[in-house]
Amino acid sequence: MREITAGPRVLLRRLREMMAEALEPQERLDRIVREIAQNMVAEVCSLYILRADSVLELYATEGLNPTSVHLAQLRLGQGLVGSIAASARPLSLSDAQKHPAFAYLPETGEEIYHSFLGVPVLRAGRTLGVLVVQNQTRRQYREDEVEALETVAMVIAEMIATGDLARLNRAGIELDLRSSATLKGLCFNDGIGLGHVVLHEPRIVVTNLFNEDSDQELERLNEALSSLRLSIDDMLSRRDVAFEGEHRAVLEAYRMFANDRGWVRRLEEAVSNGLTAEAAVEKVQSDMRARMLHMTDPYLRERMSDFDDLANRLLRQLMGRGPDALSEIVPKDAIIVARSMGAAELLDYPRERLRGLVLEEATPTSHIVIVARALGVPTVGQVKGAVSMAENGDAVIADGEDGQVHLRPQADIEAAYKEKVRFRARRQRHYRELRDKPAMTKDGIAVDLLMNAGLAVDLPQLAQSGAAGIGLFRTELQFMVVSTFPRVEAQERLYRDVLDAADDKPVTFRTIDIGGDKVLPYFKGAQHEENPALGWRAIRLTLDRPALLRTQIRALLKAAGGRELRLMLPMITTVEEIHQARAIIDREVRHLSRFAYHLPTSLKLGAMVEVPALLWQLDELMQAVDFVSVGSNDLFQFVTATDRGNTRISDRFDPLSVHFLRLLRQIVHAGSEAGTPVTLCGELAGRPITAMALLGIGYRAISMAPAAIGPVKAMLCDLPLELLSERMDEALANGGTKTDIRAELKRFASEHDIPV
Ligand code: PEP
Ligand code: MG
């Protein structure tokens with residue numbers, strides 16, 4: 001067995017020289033493979049490039065039949081080369097022809113070569129091609145040789161990415177890097193966005209690939225690693241983090257990874273092979289990302305993405321950059337692509353330039369999604385691999401209607417979407433025409449269509465949507481999008497703006513509903529909870545921290561001076577909690593009147609029905625409050641024991657089921673008997689079909705996202721409600737719990753030509 005004569009450093013130096021020379025791309029490639037073969041003492045070195053049609057084409061070879069270049073082809077997954085590309089893992093064999101995946105390509109004349117080493121050419125986790133060396137003898141390639149070939153592959157990846165090879169393509173054939181891709185996700189906010197990718201955390205482009213002196217570079221790497229570890233320790237010891245569940249857990253994981261021997265060793269190896277520290281981080285990160293893309297276990301994926309974040313931090317450290325400024329030039333039609341992001345970060349982008357949002361993570365109730373919905377930005381979530389597949393500036397379509405993302409779409413897809421957007425615009429025009437019409441069913445029954453809001457950015461929607469008022473103002477959103485508790489003045493200002501914008505339309509303010517999935521990172525009192533949804537949240541928290549509630553009530557009372565104030569309490573479990581809250585409110589009223597403040601003309605207090613325990617206190621509840629609003633999101637979560645944020649089970653049970661509708665009907669009946677108005681303000685109110693069911697069981701006021709008002713109103717105007725109510729009564733009485741209510745409703749809608 002022959003040994004390597006020159007190390008990878010020499011090879012990298014030669015490659016650098018070749019990159020700098022003015023050569024035709026094919027010649028450059030030919031020389032590169034020759035150089036690699038020589039350096040690694042291999043008889044063969046070949047480079048296969050992945051085309052957009054999933055075919056790996058031989059682009060250059062030293063040792064195989066030269067006439068097979070650009071002719072020899074393998075499909076992705078076919079043969080050894082195809083398997084390496086598909087799995088994104090290297091493969092080293094001393095007798096390749098014995099391997100079950102071996103596919104013989106007669107035109108190459110490769111039958112005489114036994115040993116085989118192939119590595120994927122990766123960039124940002126994507127496979128762009130495969131680099132192979134072969135020898136006649138049956139030999140084992142050593143670890144350091146695999147490592148060296150991977151390092152070279154990384155340099156080639158950069159060549160492909162910079163478009164150097166594009167000139168070698170035949171007409172009509174494209175490389176996979178620029179190919180279009182359709183990624184599946186979930187609809188988080190309706191709407192279609194056409195535009196260009198803005199990576200929320202732009203990938204740092206490493207331009208300086210080769211080091212001059214490995215020892216010095218190792219020192220640089222180790223220094224950066226030390227400061228990274230120090231900065232994590234520092235964050236962990238900060239008071240506000242020390243007691244935090246989520247934050248702390250993530251940072252603990254980072255600390256563990258920053259000390260991970262395997263990771264550090266791979267980084268060091270790459271530097272010893274001649275890469276700069278930053279190129280080494282990128283190389284190891286790329287391998288990691290590729291593995292992440294092929295991983296199905298959500299826990300492991302999550303851990304891998306922690307590594308990914310950490311690598312980004314390390315890159316920034318090495319390149320002397322803090323977190324990227326958001327003010328980087330954002331195109332006029334930006335589609336933000338992120339793994340996840342904070343709600344406040346989205347607000348930093350100029351709204352008029354936002355066309356869409358694509359998230360690898362998040363759930364429909366995550367803060368970022370709530371804010372995206374408030375801004376009316378089409379949003380697709382849970383899009384695996386979006387960040388590694390997309391490059392800044394790529395054309396992209398975010399389809400929030402079907403939960404799909406089309407990256408670098410082909411012309412026909414783009415044309416189809418442009419048509420779809422035009423169609424939606426026509427529909428929007430129709431909704432706008434409905435705006436000033438009364439919200440009345442076909443048979444003349446009036447319904448209150450209210451909107452949900454929570455931020456100042458929502459307010460213009462009140463006029464634009466034609467809502468009859470704000471049925472749910474989620475006051476916690478103001479707390480969630482900032483980094484410290486908003487002061488009483490800031491709260492008062494927002495509430496006053498809301499009331500001014502509403503003019504004389506009613507606004508129902510809900511007292512802060514934090515805890516559960518709505519975490520305030522700066523709130524010191526919270527502790528890690530096993531079951532946060534069932535934990536210290538909403539009214540439970542504010543009754544225990546009355547100062548918080550008092551401040552908010554004071555701000556609300558002042559803002560509503562001279563007008564009506566409607567206040568609503570979230571997550572009520574017992575009627576007693578309402579009495580306790582009322583005592584705090586009364587005290588504030590007394591306090592303000594003592595100082596001769598201008599008080600609201602009337603104060604209406606309501607409670608949300610979200611906890612099933614209230615269902616057995618309905619009579620007392622209706623007596624204790626002025627109005628009730630059903631929070632169907634939480635109520636459904638608790639009634640069916642189904643975590644509302646868990647996408648794995650989110651489709652398992654249908655709220656349009658006999659049992660849940662019977663229960664919702666019971667609440668609205670209890671309200672009419674007691675003369676207490678009942679509304680519903682969960683997501684159920686916002687889809688025409690579910691809204692139709694709610695009307696059919698007796699609801700006459702529902703509150704929804706502003707964008708839903710148009711479609712729901714269009715449904716309403718064509719709805720013969722008396723007929724539907726009879727149909728629903730029958731279905732809920734006789735149907736048994738197996739009746740498919742959704743199908744019944746669809747049938748009814750099509751019989752009566754109702755747009756649902
Ligand atoms: C609900 O639970 O249905 C609701 C409206 O409140 P939130 O979604 O804010 O928890
Ligand atoms: Mg709720």
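Both counts, for ligands and for their atoms, begin at 1 and track the order of listing.
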Can a donor-acceptor pair be found, under 3.5 Å and without considering hydrogens, that links the side chain of [X] to the backbone of [Y]?
X    : Y    : answer
E476 : I514 : no
K713 : R435 : yes
Q478 : L494 : no
E610 : V630 : no

Any carboxylate oxygen within less than 4.0 angstrom of a Lys/Arg side-chain nitrogen, looking at [X] and [Y]?
X    : Y    : result
D626 : R566 : no
D458 : R474 : no
E401 : R424 : yes

Give a yes/no on ligand 1: does E683 have at least one heavy atom closer than 4.0 angstrom to it? no

For ligand 1, find out whether one of its N or O atoms is nearer than 3.5 Å to an N or O atom of E610.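 Between E610 and ligand 1, an N or O pair is found under 3.5 Å apart.
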
Of all the heavy-atom pairs spanning A467 and L450, show the shortest one and how long it is.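 Between these two residues, the closest heavy atoms are CB-C, 4.3 Å.
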
Name the orientation class of the two ring planes belonging to F636 and F660 (parallel below 30°, tilted from 30 to 60°, perpendicular beyond 60°). perpendicular

Could you tell me, atom by atom, which parts of ligand 1 come under 4.0 Å of a heavy atom of [X]?
X    : answer
D634 : 1 (C), 2 (O), 3 (O), 10 (O)
R644 : 2 (O), 7 (P), 8 (O), 10 (O)
L472 : 5 (C)
G631 : 1 (C), 2 (O), 3 (O)

How about the Mg ion (ligand 2), which protein N, O or S atoms come within less than 2.8 Å? E610 OE2, D634 OD2

Can you check which of V630, L680, N633 brings a heavy atom nearest to atom 1 (C) of ligand 1?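 Looking at heavy atoms only, N633 sits closest to atom 1 (C) of ligand 1.
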
Does only the side chain of R510 get under 4.0 Å from ligand 1, or the backbone, or both, or neither? Count heavy atoms.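 Answer for R510: side chain.
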
T475 vs Q552, side-chain hydrogen bond (donor to acceptor under 3.5 Å, both in side chains): CA-CA, chis, key distance, verdict: CA-CA 9 Å; T475 58; Q552 184 176 35; 2.8 Å; yes

